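As the structure is a computational prediction, the values presented were derived from the model and not from experiment. Residues: numbered from 1 along the sequence shown. In each ligand, atom 1 is the first atom listed, and ligand 1 is the first ligand listed.
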Amino acid sequence: MDSTDKVVIAVDGTSGSGKSTNSRLVASSLGFNYVDTGAMYRTLAWYCLDRGIDVNDEDAVSSTVSTWGAQLAERDHALRLEVDGYFPEKEIRTAATSAVVSAVASYPAVRQWMKDIQRKCLSFGSMVMEGRDIGSNIFPETPIKFYMDASLDEREQRRAAEGVIEDLAERDRRDSQRKANPLVVSDGAALINTSGLTPDQSSAMMLEYIKKKLSEQGGPDAS
Ligand code: DC
């Protein structure tokens, strides 16, 4: 349990494995905030594209995070980054943003900035936070961690159903092989393979595990 007694549920895993859908369902069922850290990296990638900042120029992107003034905002129990009060909801899901987000996310100065802001999310209350390094790097101390995966075929079909055709294997490769905080199965993470499962089924498995962990810790909502 975190020293503030707020609960952090860390959800990491591959692209298209169902992290977002399941994290939202779990957060809503527990009355926790939901935090999509991928959206934060996407917001930075969009910002660079929008302002003509070269995403392959590490120095330029690194200095951007110290000046861009993005701030945390809570909307309907979800936390996100806003730039001058604006959340680029549609822009961060375009093929152009998806193609460059891994590059932006590979820079150590960017990751440190994101770590600082992601840890601040806890001041808004207990949360389900999803990403690639939440259990290994952002909140390594939390006892409740998941690693989600599914077959490449199924992950590509899910993305296609959302209207997105993307080389997920390539993005997984970049996310897993980068030097700074790569995607790994963190110590103590419960593995959830969502292949062939509906979101109701996988989120129910997660909730059962969370309730068991919370009751072991004597934490809130352990019933
Ligand atoms: O979850 P997503 O596909 O929206 O994430 C977009 C990219 O951001 C992904 O390719 C890797 C990166 N990312 C990361 O490096 N660390 C995180 N905690 C979350 C996302």
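Checked by distance only, ligand 1 and R111 come closer than 3.5 Å through their nitrogen or oxygen atoms. For a threshold of 3.5 Å applied to N or O pairs, the pair formed by D175 and ligand 1 contains at least one separation below that value. Considering backbone and side-chain N/O of S15, none are found under 3.5 Å from N/O of ligand 1. Between D36 and ligand 1, no pair of N/O atoms sits closer than 3.5 Å. Backbone and side-chain nitrogen or oxygen atoms of E130 are examined, and none is located within less than 3.5 angstrom of a nitrogen or oxygen of ligand 1.
A search for ring-ring contact (aromatic ring centres under 6.0 Å, His included) contacts involving Y41 returns nothing, not counting sequence neighbours. Take L72 and apply the side chain to side chain contact (heavy atoms under 4.5 Å, CB included) test, not counting sequence neighbours, and it matches M40, L81, I117, K120, C121, F124.
Of the protein's heavy atoms, R132 NH1, 2.9 Å lies nearest to atom 1 (O) of ligand 1. Nearest protein neighbour of atom 3 (O) of ligand 1, counting heavy atoms only, is R171 NH1, 2.9 Å. If you check which protein heavy atom lies closest to atom 20 (C) of ligand 1, you get G38 CA, 3.5 Å. When only non-hydrogen protein atoms are considered, atom 19 (C) of ligand 1 lies nearest to T37 OG1, 3.3 Å. Ranking protein heavy atoms by distance to atom 4 (O) of ligand 1, first place goes to R42 NE, 2.7 Å.
The closest approach between any non-hydrogen atom of R178 and ligand 1 is below 4.0 Å.
The pair K213-E208 does not count as a salt bridge, with every side-chain nitrogen at least 4.0 angstrom from each carboxylate oxygen. Under a 4.0 Å N-O distance rule, the pair R158/E154 qualifies as a salt bridge.
Of the N and O atoms on the side chains of T97 and T94, at least one donor lies less than 3.5 Å from an acceptor on the other residue. There is a side-chain donor-acceptor pair under 3.5 Å between S20 and E130.
A pairwise comparison of heavy atoms in S203 and N22 identifies N-OD1, 3.1 Å as the closest pair. Between D175 and S102, the closest heavy-atom pair is OD1-OG, 3.2 Å.
Distances from atom 12 (C) of ligand 1 to the heavy atoms of A45, A180, A105 put A105 nearest.
Of all atoms in ligand 1, numbered sequentially from 1 with element shown, those under 4.0 Å from a heavy atom of S102 are 10 (O).
Of the candidates R132, Q112, R111, R111 is the only one forming a side-chain hydrogen bond (donor to acceptor under 3.5 Å, both in side chains) with N181.
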